[in-house]
Amino acid sequence: MEAEDEGDDQVLPDLPNADDYDEVRMRAAPNPNGPWHIGHARMPAVIGTYKDLYDGSFVLRYDDTDPETKRPDLEAYDAILEDVHYLGFEPDEVITASDRMETYYDHAREVIEMGGAYTCSCSGEAFSELKNAGEPCPHRGKDVETTREEFEAMVDGEYSSGEMVLRIKTDIEHKNPALRDWVAFRMVDTPHPRPEAEDYRAWPMLDFQSGVDDHLTGVTHIIRGIDLQDSAKRQQFLYDYFGWDYPEVVHWGHVQVDAYDVKMSTSTLKEKIDAGELDGWDDPRAPTLKSLRRRGIRGSAVVDAMLELGTSTSDVDLSMSAIYANNRDIVDDESDRYFFVRDGERFAVEGGPDAGHPALHPDHEERGDRTVPVTGGVVVEPDDVPAEGDRTWLKGYGCVRREGDALVHTDDSIEVVRSGDVDVVHWAPAEDNVTVRMRTMEGDVTGVAEPDFADTDADDVVQFERLGFVRVDGHDGDSRDADGDESVVYWAHK
RNA sequence: GCUCUGGUGGUGUAGUCCGGCCAAUCAUAUCACCCUCUCACGGUGAUGACCAGGGUUCGAAUCCCUGCCGGAGCACCA
């Protein structure tokens, strides 16, 4: 398959040996132990894009084979699928490893019959010592019959955790100790959280489960992190037993994201949420996809930033500014403008018209303008308050001069702004305005917005002029973060 | 200790396989100016990088060697 030539738009490198396959097929294989953080977006972003590029397909596979240490979170299965949708992709197939236990057992039995595996009751430490010395453990020479029986006993749950494992026989003297006789199945006493899988006790390890599934689901290209660099080499032994061809593999480094105080790790996030330090997975301070979505950042802005990272094996730092720049590009044109004033200082306005009429969008006059009344006085941010006797330009209204507690309308034309003599500021009515809570990564900010802001809908992204873009979460107390009947917005970026 | 694997401006990336067109691409960032009734958008310009040292060569980001620094695996986690 040739990559569709989309000109220079393709930011990703070509997949290795793509034309050796009828169809490029990939997989995302997350452990469903929580909603996704930003870093998780890389996998669907890249394989989803390759899918489009090569007219291929991808499988979403939940690798939920550790009921204990990386215990699956039942809500995460759907949460992850939602996150994939948010990013703009649709898996061609969704499968769950814990549904496929019999398949793994059957394949284990096959390997056992071939003499490619043996049950082992060595303690982890004891085996490790032998392995590091390049020496086989006493169980390695077991006959097939014994291994067969002991494996069935494992499947039947007759051992407890730590008592028995099934090892794949590789090369006990392999120069890389990481590849020597690795564990394929182990006992786990804790029942799996999914009712469908709660009776299983003998669980496959990633290298076995993933290796079998990749082949059985027709995966041609595996993309994964450098932490799994040795996996392909381990699994190669398994593939050799079965006579399978190993898929093409691309390894990439880890991603760090700047701008967050909170560590980008599912378990850390879970702890912070449980401890009440974060309001939830979509807290603006959380580096999660749910948080970005709530802040009005489009999935494609995240995807594009991920694609720009490429697939190099070195660790990379993702700048949130890259995501913001992409998002600004998307939302700037569609976002209507409104005034929002924090910590406003109140002034009466004297001598001018009753209201200002700034445009909803400077590039789209056809959208009309807003009506911002001044008759009940206005509020201006402290930094924007002119010194006594100085002028300022209330955007969309006109020029005023500070006279004590009043802003007196002058008849200056816009020329005073063009010449640079007078600054333009945003402002809001002191009465009949909209109380707004703005949730940001640094905490909540409160203030008031102009009345027309109430016309926006939840989920709209608007720009608070001179401040930045926000997503409307709800008006009149509709947001779950609202205190009383205030409106709530989530800060996106400047 | 053993085994993998990397190191291009603040960040990411192109170029590295097949040395010259690289006084190094593009994006983002930062700054300045222009535009503008926003500190947005748009435009122009500037800043800023080949880890270090040797070697091969007429010529090295690219090949070789050494060193330095980093990441990963050696789990009954994924």
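Each chain gets a letter, A, B and so on, in the order its sequence line appears, and its residues count up from 1. Please read these numbers as outputs of a predicted model, since none were measured by experiment.
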Exercise for the section: Measure from NZ or CZ of A/R167 to the centre of the six-membered ring of A/F127 and say whether it is under 6.0 Å with the direction within 45° of the ring axis. Expected result: yes
At 4.0 Å (heavy atoms only), tell me whether [X] reaches a base, stays on the sugar-phosphate, or touches nothing.
{"X": "A/M205", "result": "sugar-phosphate"}
{"X": "A/D66", "result": "sugar-phosphate"}
{"X": "A/H254", "result": "sugar-phosphate"}
{"X": "A/T65", "result": "sugar-phosphate"}
{"X": "A/Q229", "result": "base"}
{"X": "A/C122", "result": "base"}
{"X": "A/G396", "result": "base"}
{"X": "A/L228", "result": "base"}
{"X": "A/L309", "result": "sugar-phosphate"}

Check the distance between [N]'s [atom2] and [X]'s [atom1] and give it to me in whole angstrom.
{"X": "A/D207", "N": "B/A78", "atom1": "CG", "atom2": "P", "result": "9 Å"}
{"X": "A/N176", "N": "B/A75", "atom1": "CG", "atom2": "P", "result": "11 Å"}
{"X": "A/Y159", "N": "B/C76", "atom1": "OH", "atom2": "C1'", "result": "14 Å"}
{"X": "A/D333", "N": "B/C41", "atom1": "CG", "atom2": "P", "result": "12 Å"}
{"X": "A/R201", "N": "B/C76", "atom1": "CZ", "atom2": "C1'", "result": "16 Å"}
{"X": "A/D421", "N": "B/C37", "atom1": "CG", "atom2": "P", "result": "15 Å"}

Minimum-distance nucleotide (side-chain atoms of [X] versus [options]):
{"X": "A/D329", "options": "B/A40, B/A72, B/G42", "value": "B/G42"}
{"X": "A/T313", "options": "B/U38, B/U5, B/C77", "value": "B/U5"}
{"X": "A/N31", "options": "B/A72, B/G73, B/A78", "value": "B/A78"}
{"X": "A/D363", "options": "B/G73, B/C37, B/A40", "value": "B/A40"}
{"X": "A/D317", "options": "B/A29, B/U11, B/C4", "value": "B/U11"}
{"X": "A/S319", "options": "B/A72, B/U38, B/G10", "value": "B/G10"}
{"X": "A/K131", "options": "B/A72, B/A78, B/A75", "value": "B/A75"}
{"X": "A/D315", "options": "B/G6, B/G71, B/C37", "value": "B/G71"}
{"X": "A/K70", "options": "B/C37, B/A78, B/A40", "value": "B/A78"}
{"X": "A/D230", "options": "B/G73, B/A75, B/A78", "value": "B/G73"}

Donor-acceptor pair under 3.5 Å: do we get one between [X]'s side chain and the base of [N]?
{"X": "A/Q463", "N": "B/U38", "value": "yes"}
{"X": "A/R337", "N": "B/A40", "value": "yes"}
{"X": "A/K395", "N": "B/C37", "value": "no"}

With a 6.0 Å cut-off on ring centres, are [X] and [Y] close enough?
{"X": "A/H493", "Y": "A/F469", "result": "yes"}
{"X": "A/Y77", "Y": "A/Y62", "result": "yes"}
{"X": "A/H409", "Y": "A/Y397", "result": "yes"}
{"X": "A/F453", "Y": "A/F464", "result": "yes"}
{"X": "A/F185", "Y": "A/F151", "result": "yes"}

Handout entry: Distance below 4.0 Å between A/R180 side-chain N/O and B/C74 OP1 or OP2
Key = no
Exercise for the section: Considering just the side-chain nitrogens and oxygens of A/S312, establish if one lies under 4.0 Å of OP1 or OP2 belonging to B/G12. Expected result: no
Practice task
Both distances under 3.5 Å, Watson-Crick or G-U wobble: report the partner of B/C68, or none.
Solution key: B/G7
Problem - Any-strand Watson-Crick or G-U partner of B/A23, both distances under 3.5 Å - result: none
What's the gap between [N] and [M] when it is taken at their [atom1] atoms, as a whole Å value?
{"N": "B/G7", "M": "B/C64", "atom1": "P", "answer": "13 Å"}
{"N": "B/A46", "M": "B/C26", "atom1": "P", "answer": "12 Å"}
{"N": "B/U16", "M": "B/U3", "atom1": "C1'", "answer": "25 Å"}
{"N": "B/C31", "M": "B/G54", "atom1": "C1'", "answer": "40 Å"}
{"N": "B/C35", "M": "B/G42", "atom1": "C1'", "answer": "8 Å"}
{"N": "B/C77", "M": "B/C4", "atom1": "P", "answer": "26 Å"}
{"N": "B/A14", "M": "B/A27", "atom1": "P", "answer": "15 Å"}
{"N": "B/U25", "M": "B/U8", "atom1": "C1'", "answer": "11 Å"}

Exercise for the section: For A/F127 and for A/D332, find the nucleotide of RNA chain B with the closest heavy atom, then tell me which residue's nucleotide is more 5'. Expected result: A/D332
Completion exercise
Of A/K175 and A/A325, the one whose nearest nucleotide on RNA chain B sits closer to the 5' end is A/K175
Exercise for the section: Please check if atom CG in A/D455 has more than 12 non-hydrogen atoms from other residues, nucleotides or ligands closer than 6.0 Å. Expected result: yes
